[in-house]
Amino acid sequence: MTDTVRETIIAAFTARAAALSTLPVLRAQRSIGESDARFVSVWDGEDRAVAVDYGTQKSQFPLAVECIKKTANHSIEANAIIGEIIALFLNRTFTGKWLKNELAVASPAYPQDGGNYTTITVIFYITYETVLGDPYTQKTH
C-alpha cells in the first residue's frame, strides 16, 4: 500500500534527520545508545483540519525532531544543535509534499541529578493539502 501524504512527509523528515545523527534515526523512540553518540528521533502528533473548501482539505500536524546528546557545556552545545536542526529543516532547498513548514518551539532539557545527557526538541508545524477524503492524493492546482 502506498503511504499517505502525511507518511511521505514524515519519511522525508526522518531521512533528512540522518544528517544530524551518529546512529540510525528512529520514529518515536528514545535511546542514548553509545556514550558519545548523538541520537535523533522523529515524533509526530495528530492531524488538525485547518480548512476545507472546493474539494480540498488542508491539515496541520506537529512534527518534532528530538536529539539526545552527551554534553559538557549544556546550554552552548544545546543551542548549537538547535541551530543545526532549524537550519536543516527550514532550509529552502528542503522541500516535500507540504504547503508550510513553520518552527513552533525549540527547547533543551538539561541533565538532572548529575547526569550529562541533554535532550533537545525542536517542533515544527507541517501544513499539507490533499483531495478531500483522500489522504493518499496530494492536491495539485
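Interatomic distance, Ser59 OG to Asp47 CG, rounded to the nearest 0.5 Å: 4.5 Å.
Here the side chains of Arg48 and Lys58 are not in contact, with every heavy-atom distance at 4.5 Å or above. Annotation: side chain of Asp44 is not in contact with side chain of Phe13 (no heavy-atom distance under 4.5 Å). Between Glu66 and Ile120 the shortest side-chain heavy-atom distance does not fall below 4.5 Å.
Residues satisfying the side-chain hydrogen bond (donor to acceptor under 3.5 Å, both in side chains) criterion with Asn79, sequence neighbours excluded, are absent altogether. A search for side-chain hydrogen bond (donor to acceptor under 3.5 Å, both in side chains) contacts involving Glu7 returns Arg27, not counting sequence neighbours. Partners of Thr71 under the side-chain hydrogen bond (donor to acceptor under 3.5 Å, both in side chains) rule, at least two apart in sequence or in another chain, are His74, Thr118.
Side chain of Ser41 to main chain of Gln29: a donor-acceptor pair is present (N/O by atom type, distance under 3.5 Å, no hydrogens or angles).
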Thr56 and Leu132: CA distance, side-chain angles, deciding distance, side-chain contact (heavy atoms from CB on, under 4.5 Å) verdict: CA-CA 5 Å; Thr56 299; Leu132 186 60; over 6 Å; no
Residue pair Phe124, Phe89: steps toward the ring pair (Phe, Tyr, Trp, His ring centres under 6.0 Å) verdict: CA-CA 9 Å; Phe124 299 92; Phe89 289 104; 5.7 Å; yes
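The number of heavy atoms from other shown groups lying within 6.0 Å of OH (Tyr125) does not exceed 12.
A salt bridge is defined here as a Lys NZ or Arg NE, NH1 or NH2 lying under 4.0 Å from an Asp or Glu carboxylate O, and Lys70 with Glu77 fails to meet this definition.
Residues Asn101 and Leu90 come closest through the heavy atom pair O-CD2, 3.4 Å.
Leu88 and Trp43 are assigned to two separate hydrophobic clusters, defined by single-linkage of ILVMFWY side chains at heavy-atom distances under 4.5 Å.
The side chain to side chain contact (heavy atoms under 4.5 Å, CB included) test with Arg6 is passed by exactly one of Asp3, Ile10, Thr8: Ile10.
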